[in-house]
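Quick notes on the structure that follows.
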Protein chains: 4
Amino acid sequence: MTQLDPRRKPRQSRSRATVDAILQATAQVLVRDGYQKATTNRIAERAGVSVGTLYQYFPNKDALVVALCEQHSDEMMTLLSASIAELQDATAERATRVIVRAMLQAHAVNPELHEAIISNLPKEKQFEQILAVNAQAEAMVRVFLEHHRERLATDNIDMAAFIVVNTVEALTHAAVIERPDFLGTEELVDEITRLICRYLLK
Amino acid sequence: MTQLDPRRKPRQSRSRATVDAILQATAQVLVRDGYQKATTNRIAERAGVSVGTLYQYFPNKDALVVALCEQHSDEMMTLLSASIAELQDATAERATRVIVRAMLQAHAVNPELHEAIISNLPKEKQFEQILAVNAQAEAMVRVFLEHHRERLATDNIDMAAFIVVNTVEALTHAAVIERPDFLGTEELVDEITRLICRYLLK
Amino acid sequence: MTQLDPRRKPRQSRSRATVDAILQATAQVLVRDGYQKATTNRIAERAGVSVGTLYQYFPNKDALVVALCEQHSDEMMTLLSASIAELQDATAERATRVIVRAMLQAHAVNPELHEAIISNLPKEKQFEQILAVNAQAEAMVRVFLEHHRERLATDNIDMAAFIVVNTVEALTHAAVIERPDFLGTEELVDEITRLICRYLLK
Amino acid sequence: MTQLDPRRKPRQSRSRATVDAILQATAQVLVRDGYQKATTNRIAERAGVSVGTLYQYFPNKDALVVALCEQHSDEMMTLLSASIAELQDATAERATRVIVRAMLQAHAVNPELHEAIISNLPKEKQFEQILAVNAQAEAMVRVFLEHHRERLATDNIDMAAFIVVNTVEALTHAAVIERPDFLGTEELVDEITRLICRYLLK
DNA sequence: TATGAATGAGGTTTCATTCAT
DNA sequence: AATGAATGAAACCTCATTCAT
């Protein structure tokens with residue numbers, strides 16, 4: 001396995017800005033051209049630096065993508081984590097709504113980048129960070145299911161979790177990509193919440 | 001735009017066999033090594049022919065992938081189409097079950113290949129054929145929704161279609177890939193059917 | 001460790017010729033420009049082929065050098081081996097002369113290449129093959145010392161072997177490089193033989 | 001031709017210390033990593049200064065190596081020169097012993113560095129300074145041969161000088177590198193002295 | 001038709017050197 | 001004087017594609 005960690009932590013503000021420019025350029029090129037055509041030269045050019053500079057901070061192309069995934073999933077995780085607290089004492093409907101809204105917000109952070117990462121990156125390169133977001137979402141759902149266990153319409157919790165997690169993930173992901181027109185009002189959240197609640201609860 | 005159609009329609013059986021071998025090899029290499037490492041030389045080698053021969057039947061690498069997508073989506077479409085007839089006079093629950101089961105069967109045709117196509121191929125190469133499958137599924141759902149319009153719990157048919165199509169697609173796809181243990185019994189079909197029906201119907 | 005073996009054994013005569021051209025070009029460029037400046041592009045150009053062709057037969061630059069070392073040391077070893085038989089029943093003086101002459105001939109095979117390999121290659125790249133030649137020479141000397149043990153002026157055979165091997169190696173190597181004018185007559189062989197015999201024998 | 005002299009003669013003691021640190025770092029990196037991996041950045045880092053500082057004292061990488069060779073050969077030369085005086089009135093055996101011992105001491109000054117210079121540096125970079133050591137050694141031998149001309153067993157002084165110089169050089173070099181265990185006692189000096197004397201003298 | 005040797009543009013990565021601070 | 005971020009030419013290597021046999 002090759003090295004994936006950044007090469008040096010930039011301490012001066014000049015290099016801090018350089019690293020930011022490189023990551024931003026990586027995101028843009030990834031979105032515009034896809035993983036395959038996202039060459040390090042193109043990224044460097046887009047960032048307004050030379051390739052050499054890029055390689056001062058990242059040992060190879062994948063390290064670049066990893067750093068980007070990390071940054072992106074941090075942003076998503078922050079939103080999800082903020083909602084976890086709200087789950088505790090909420091009713092089942094309220095909790096469902098919280099989860100759905102959190103997932104929608106998380107996916108709306110940077111939908112094109114998310115899409116580029118999820119469906120352009122070779123599978124073996126969809127790094128831990130991104131998978132961690134789904135793990136986090138699944139954890140939220142399990143907390144929910146445990147907490148409301150006695151009200152559930154099913155006792156196959158394993159399958160219910162599978163269904164809920166994949167459904168919410170798929171719908172929120174598809175919505176931000178394909179139907180941004182659905183995002184203006186609360187209606188989509190209402191509908192997904194209803195979908196989940198009617199399925200889960202007696 | 002480059003040429004994407006196969007170069008010669010193979011009419012003789014020897015040629016036919018060669019083309020089949022090449023497509024099969026493409027699928028295998030795609031699944032085993034991913035799109036990036038699926039070089040034309042490797043595919044030819046796996047197919048037991050020379051690169052030259054490969055290029056006699058396919059003008060370039062993309063044509064190879066297009067043909068494979070076409071073949072794969074044909075197989076999926078066949079399964080879906082077979083079920084459409086059953087929708088006409090069925091109850092809403094019955095029709096939902098038919099759609100869900102058809103989607104599950106369609107995804108089970110060659111899950112690894114489907115996965116390789118969906119999540120390894122650069123987005124711009126996920127050609128019409130594959131998208132057509134989803135279009136077909138969506139058509140089935142619309143037929144269903146129109147037919148049972150008066151029983152629906154919602155009147156935003158657009159959003160309902162979006163939700164149903166994406167949910168069924170996501171769950172059947174995820175199931176064949178991640179949870180083959182769910183496929184032995186009818187339970188998963190039961191659950192997804194319940195999920196959809198409870199959501200849609202008054 | 002990276003792969004060092006050649007990539008494909010050339011079977012057709014066309015590719016056999018290509019491989020020969022590449023190896024020959026490698027030798028020439030190594031001699032003319034040294035290891036550092038012997039770039040694969042320069043070697044390919046000198047061989048009259050494209051880089052791609054070079055890489056069809058050799059997986060990387062070092063594999064090229066290894067193959068060359070192998071070829072070169074084979075030639076040297078052949079000469080040394082041919083002389084080993086003569087050692088058996090010879091007098092000490094005669095045997096010494098045989099070894100010295102064999103070493104001189106071996107070093108004269110392609111002195112510039114030998115020099116380029118020995119003193120231009122980074123130490124960690126002076127591959128087994130070349131070292132094997134010295135091992136072979138040392139083996140010859142040990143056979144000699146064992147055989148004439150009772151006539152030796154010293155009983156520290158270890159140190160005697162060290163001295164003889166290094167002396168003969170250094171003198172024959174230096175002669176072909178620095179003093180080709182010494183090679184026309186038998187005089188140099190006479191002198192080295194005398195040097196060794198006077199030292200070794202009572 | 002590029003500039004090879006150090007950029008500024010450091011007169012102040014702080015600069016002097018910096019230059020020393022850089023040269024010492026060069027030697028260490030050369031020994032540890034070899035010429036190829038001895039990058040200027042790595043050397044600067046090892047020396048505890050920035051690359052910029054390194055380039056304030058040395059105009060380019062070669063100047064660095066030249067300075068190092070110079071320093072190293074100065075140390076060796078000092079040892080050799082000290083022994084020349086002793087040659088004048090010594091017997092042939094005594095003089096031989098003096099030369100051999102001096103060469104051994106000279107090679108023992110910093111064997112790893114000597115080895116790194118001799119066998120890792122591209123030939124064209126083994127600068128005058130290092131060659132000067134051999135010239136000095138050869139000069140000593142010639143003084144010796146002239147002085148004892150009437151006792152020599154050969155009248156081909158040219159060839160005798162070639163043999164003696166190369167033999168002593170090779171043996172002392174090989175000994176410090178490969179057989180440090182030979183260096184504890186006087187025995188190796190005894191043996192080499194005997195080798196040379198028996199060869200040279202009637 | 002089939003072969004597979006050959007091509008070469010283009011990708012990733014390194015490192016001696018410069019220069020603004 | 002010192003720093004270290006930035007440069008970019010040039011090295012190694014891959015792979016879609018061609019074409020002589």
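Note that this is a predicted model, so its numbers are computed, not measured.
For A:Val31, the side chain to side chain contact (heavy atoms under 4.5 Å, CB included) partners two or more places apart in sequence, or in a different chain, are A:Glu112, A:Leu113, A:Ala116. With sequence neighbours excluded, the residues satisfying salt bridge (Lys or Arg N to Asp or Glu O under 4.0 Å) with C:Asp62 are C:Lys125. Remark: C:Glu115 engages D:Lys123 in a salt bridge (Lys or Arg N to Asp or Glu O under 4.0 Å) (not counting sequence neighbours). Every residue two or more places apart in sequence or in another chain that forms a ring-ring contact (aromatic ring centres under 6.0 Å, His included) with D:His114 is listed here: D:His72, D:His107, D:His173. Shown here are the side chain to side chain contact (heavy atoms under 4.5 Å, CB included) partners of D:Asn41, two or more places apart in sequence or in another chain: D:Thr39, D:Val51. Shown here are the side chain to side chain contact (heavy atoms under 4.5 Å, CB included) partners of C:Ser73, two or more places apart in sequence or in another chain: C:Gln129, C:Ile130, C:Val133. For D:Thr40, the side chain to side chain donor-acceptor pair (under 3.5 Å) test picks out no residue, with sequence neighbours left out. For A:Glu75, the side chain to side chain contact (heavy atoms under 4.5 Å, CB included) criterion is met by A:Gln71, A:Val109, not counting sequence neighbours.
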Quiz prompt | Dot-bracket notation for DNA chain F, counting Watson-Crick and G-U pairs under 3.5 Å, with | for partners on another strand | solution = .||||||||||||||||||||
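Separating the CZ atom of D:Phe58 from the C1' atom of E:dT18 is a distance of 18 Å, rounded to the nearest angstrom. Summarising the geometry, the separation between CG on A:Leu54 and C1' on F:dG8 is reported as 13 Å, rounded to the nearest angstrom. At whole-Å resolution of the value, CZ in C:Arg16 and P in E:dA6 are 13 Å apart. Atom CD in B:Glu45 sits roughly 14 Å away from atom C1' in E:dT3 (whole-Å rounding).
Less than 4.0 Å separates DNA chain E from no heavy atom of any residue of residues 24-34 of chain C.
Residue C:Gly48 is the one, among D:Tyr35 and C:Gly48, whose nearest nucleotide of DNA chain E lies closer to the 5' end (criterion: closest heavy atom).
The number of heavy-atom neighbours closer than 6.0 Å to CD of D:Glu45, taken from other residues, nucleotides and ligands shown, is 12 or below.
Residues in residues 17-43 of chain D take part in these salt bridge (charged side-chain N to carboxylate O under 4.0 Å, His left out) pairs, two or more places apart or across chains: D:Arg16-D:Asp20, D:Asp33-D:Arg42.
Side-chain nitrogen and oxygen atoms of C:Ser50 include at least one within less than 4.0 Å of the OP1 or OP2 phosphate oxygen of E:dT7.
In the model, A:Arg46 has a side-chain atom that pairs as donor or acceptor with a side-chain atom of A:Gln28 under 3.5 Å.
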Quiz prompt | Footprint string (nucleotides 9-15 of chain F, 5' to 3'): B base within contact, S backbone only, - free, heavy atoms under 4.0 Å | solution = --SBBBB
